[in-house]
Amino acid sequence: MDWMTDSEEDERFEWDTSDEEEEMSKGNNQEGSSAPPISVSVPSQEFVEAGSSRSSLLLHFVGMGFSEDTVAKAIKDNGEGQPEVILETLLTYAAIEKSSLNSEQSPLDCSLEGEEDVLEDDDSDMSNFEDEGCTEKSSDKDMKLSMLVEMGFPLDEASSAIDRCGSTASVLELADSIHAAQLAAESVDIEGRNTSAPVPRSSFINGSSIKKKRNLLENQRLNRPVHGHKIKKLCSRQSEVNDEGFSSLLKIPMPMIGFSVPNQKTQLAHRKLPEAAIGPPYFYYENVALTPKGVWDTMSRFLYDIEPEFVDSKYFCAANRKRGYIHNLPIQNRFPLLPLQPRTIKEALPMTEKWWPAWDPRTQLNCLQTSISSAKNTERIRSTLVKSGDPPPERVRQYVINECKKWNLVWVGLHKVAPLEPDEIEMLLGFPKNHTRGGGISRTDRYKSLGNSFQVDTVAYHLSVLKNMFPNGINVLSLFSGIGGAEVALHRLGIHLKNVVSVELSEINRNIIRAWWEQTDQTGNLIELPDVQQLNGDKLAQMINSFGGFDLVIGGSPCNNLAGSNRLSRIGLEGKQSSLFYDYFRILDLVKNIMGKNI
DNA sequence: ATTAGGATGACTGGCTAG
DNA sequence: CTAGCCAGTCATCCTAAT
């Protein structure tokens with residue numbers, strides 16, 4: 001969960017610096033790179049030196065599938081000092097060429113024709129993706145993979161790109177896709193300056209020659225370039241014709257109740273899962289609902305075209321928490337955790353009722369986030385109220401209400417507001433009291449870990465269908481476990497946890513889970529691992545063999561680059577932390593493959 | 001070294017008036 | 001249909017205090 005504290009290293013995408021080797025070997029993907037299912041034997045070292053001589057540079061780009069004249073021209077235009085600029089020029093040529101051929105069959109539109117509105121339709125007909133036309137010849141895939149690796153891309157990124165774009169995508173498109181992802185992730189600076197200082201968004205956009213070129217190609221379309229859209233354009237099955245473009249195809253339904261919530265009358269939808277989505281294993285993926293446009297479309301596309309279920313936890317507790325869930329669980333016969341949580345502030349926090357002024361209309365809290373209001377701020381509010389008499393004038397009321405909503409403040413005395421205590425947040429989120437307390441965790445970190453967590457009652461409601469299906473218990477692979485929301489939810493449902501493999505980067509969070517595990521008298525096995533990126537096929541296969549497969553793969557990947565409150569790096573799914581979504585997908589897909597073979 | 005404080009908007013969707 | 005308004009958001013980084 002603690003994504004902000006790790007990996008300080010600058011991961012600029014550079015072609016010919018001596019950092020390359022170091023990046024590659026210390027980078028996230030080394031271990032994952034050797035992972036099944038695809039093995040490639042291309043440890044391309046010569047690429048590193050390639051920039052030094054013109055002929056090898058030229059050869060390199062020719063090897064990528066560009067024609068010799070084009071490469072020569074691009075080198076001539078740009079000089080040989082900046083291979084990444086050359087590549088961009090080449091890609092630009094190719095894009096122009098491609099757009100002129102666009103009315104014909106593009107290699108990208110592998111399965112759909114005239115089905116642009118598939119996602120808009122009911123969930124029932126999301127099935128027939130991935131069928132004919134997309135059957136992958138593994139040798140072809142391997143070849144592309146090795147070419148990409150030879151071009152200097154990390155193996156797992158190359159593999160992800162192939163998955164993203166389909167196996168019929170050309171190497172060119174794949175390279176572009178990876179490159180775009182890396183650009184988006186790293187606020188790239190072509191000149192190679194130190195970019196550790198935050199780059200203003202506008203200068204990031206306008207300062208990049210790449211983007212200028214792209215923007216020219218994009219026929220103005222966007223005042224607001226979101227990288228996800230570009231990725232989407234490159235990879236989406238809908239990309240070819242549809243000029244009205246990338247507006248989010250997935251609508252978030254209001255009210256945000258998903259397929260069902262307790263005590264709300266809904267005619268329960270029957271949903272038909274796409275073939276590829278059906279387990280085993282069951283899986284459950286979570287992230288913030290209000291992402292930049294197109295993010296949920298992308299995530300849905302990766303997760304076997306399952307329609308996300310958007311649910312606000314305000315139907316389960318006294319706080320809002322708008323989240324999307326992609327899962328392949330049955331949706332009939334859910335039941336909630338008992339006792340039901342109070343759903344108003346005054347019931348959940350009875351001591352506040354006495355002090356709650358009539359002019360504060362809130363009955364529920366806003367989303368519980370990772371940091372709280374300072375003491376100075378609450379004191380400012382108090383003194384303002386003291387000075388302005390009772391009842392305060394409209395202007396003061398507005399100020400106070402705004403602050404209260406922004407910081408989730410509650411009334412704890414006359415004219416006194418205060419942020420929630422950590423144990424109150426634990427309760428609202430459905431954790432046992434003191435779940436995150438002790439063990440050397442600071443107050444600040446408690447807030448952060450809690451703010452990043454599941455709302456247990458909400459998740460448990462969705463998972464409740466497992467109880468009857470697995471009376472003897474389940475094996476769980478829990479990714480991005482955080483403080484163990486999934487584990488707590490399953491435990492509270494009375495589902496026996498046989499083996500839990502919990503992957504969580506933050507040591508303090510792992511300690512919290514370990515402590516909870518030990519104090520709840522679990523009889524199963526808890527295996528804790530630090531890093532999803534280190535979790536490869538070998539390890540998974542070993543674990544699957546040892547306890548016979550996972551019944552549930554559950555996790556919510558980092559939202560840092562998606563969440564609305566992120567001022568600085570809300571750059572979408574390709575952001576540094578949020579791109580770990582692809583590891584969720586990678587691992588889930590590995591588990592499916594490995595288990596598929598064993599069954 | 002660790003912790004808390006304080007400053008830092010933008011994107012998105014819903015709503016409504018025109 | 002559009003423009004304008006409104007509300008809400010699993011955050012980040014630098015600095016000061018402890």
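In what follows, every chain begins at residue 1, and chains take the letters A, B, ... in the order their sequences are listed.
As a whole-Å value, the separation of Trp296(A) CH2 from dT9(C) C1' is 15 Å. Regarding Met256(A), its CE atom lies at a distance of 11 Å from the P atom of dG13(B), rounded to whole Å. For the pair Asn561(A) CG and dG9(B) P, the computed distance is 19 Å after rounding to whole Å. Between Phe310(A) atom CZ and dC10(C) atom P there is a gap of 13 Å when expressed in whole angstrom units. The distance between atom CZ of Arg570(A) and atom C1' of dT9(C), rounded to the nearest whole Å, is 7 Å. Rounded to whole Å, atom P of dA11(C) lies 10 Å from atom CH2 of Trp407(A). Summarising the geometry, the separation between NZ on Lys405(A) and P on dT9(C) is reported as 10 Å, rounded to the nearest angstrom. Distance, Asn287(A) CG to dA11(C) P: 12 Å, rounded to whole Å.
Look at Asn566(A) and you won't find any side-chain N or O under 4.0 angstrom from OP1 or OP2 of dT9(C). A close approach under 4.0 Å does not occur between any side-chain nitrogen or oxygen of Ser374(A) and OP1 or OP2 of dG5(B). Between Arg567(A) and dC13(C) there is no side-chain polar atom (N or O) within less than 4.0 angstrom of OP1 or OP2. Distances shown here put every side-chain N or O of Gln369(A) at or beyond 4.0 Å from the OP1 or OP2 atom of dC10(C). Contact annotation: Lys322(A) does not reach the phosphate of dG8(C) (side-chain N/O to OP1 or OP2, under 4.0 Å).
Of the charged side-chain nitrogens involved, at least one lies within less than 4.0 Å of a carboxylate oxygen, so that Arg334(A) and Glu309(A) count as a salt-bridged pair. Using a 4.0 Å cut-off between charged side-chain N and carboxylate O, Arg446(A) and Glu426(A) make a salt bridge. The existence of a salt bridge linking Arg586(A) and Asp583(A) is confirmed by a sub-4.0 Å separation between a basic side-chain nitrogen and an acidic carboxylate oxygen. Ionic pairing of Glu379(A) and Lys376(A) is not present here: no N-O contact between side-chain nitrogen and carboxylate oxygen is shorter than 4.0 angstrom. Ion pairing of Glu286(A) with Arg323(A) is present here, as a side-chain N (NZ or NE/NH1/NH2) and a carboxylate O approach within less than 4.0 Å. Between Glu528(A) and Arg514(A), at least one side-chain nitrogen of the basic residue sits less than 4.0 Å from a carboxylate oxygen of the acidic one, meeting the salt-bridge criterion.
Annotation: proximity of residues 422-436 of chain A to DNA chain C (heavy atom, distance under 4.0 Å) is found for no residue.
The P atoms of dG14(B) and dC10(C) are separated by 16 Å, rounded to the nearest whole Å. As rounded to the nearest Å, dG8(C) and dT8(B) have P atoms that lie 23 Å from one another.
Toward the 5′ end of DNA chain B lies the nearest nucleotide of Ala375(A), the other residue of the pair Ala375(A) and Met254(A) mapping further downstream. Along DNA chain C, the nucleotide closest to Val288(A) and the one closest to Gln398(A) are compared, and the more 5′ of them pairs with Gln398(A).
Residue contacts for Arg443(A): at a heavy-atom cut-off of 4.0 Å it reaches the sugar-phosphate backbone alone, with no base atom in range. When heavy atoms are screened at a 4.0 angstrom cut-off, Ile252(A) is found touching the sugar-phosphate backbone but no base atom.
In summary, of the residues considered (Tyr584(A), Tyr304(A), Phe283(A), Tyr284(A)), a side chain to side chain contact (heavy atoms under 4.5 Å, CB included) with Ile326(A) occurs for Phe283(A) alone.
The nucleotide whose nearest atom lies closest to any side-chain atom of Ser565(A) is, among dC10(C), dG14(B), dT12(C), dC10(C). Proximity note for Ala563(A) (side chain, C-beta onward) versus dC10(C), dC11(B), dC13(C): the nearest is dC10(C). For Glu286(A), the side-chain atoms get nearest to dC10(C) when compared with the rest of dC10(C), dC11(B), dT9(C). Of the candidate nucleotides dT12(C), dA11(C), dG5(B), dA11(C) has the atom lying nearest to any side-chain atom of Thr370(A). If you check dG5(B), dT9(C), dT12(C) against the side chain of Asn320(A), the one that comes closest is dT9(C).
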(message) What does the 5'-to-3' dot-bracket notation of DNA chain B look like when only Watson-Crick and G-U wobble pairs under 3.5 Å count, and pairs to other strands show as |?
(response) ||||||||.|||||||||
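With sequence neighbours excluded, the residues that form a side chain to side chain donor-acceptor pair (under 3.5 Å) with Ser502(A) are Ser481(A).
Residues Pro361(A) and Ile401(A) meet the side-chain proximity criterion, which asks for heavy atoms closer than 4.5 Å. Tyr285(A) is not listed as a side-chain neighbour of Tyr325(A), based on a closest heavy-atom distance of 4.5 Å or more. Counting heavy atoms from C-beta outward, Leu429(A) and Val456(A) have side chains that stay 4.5 Å or more apart.
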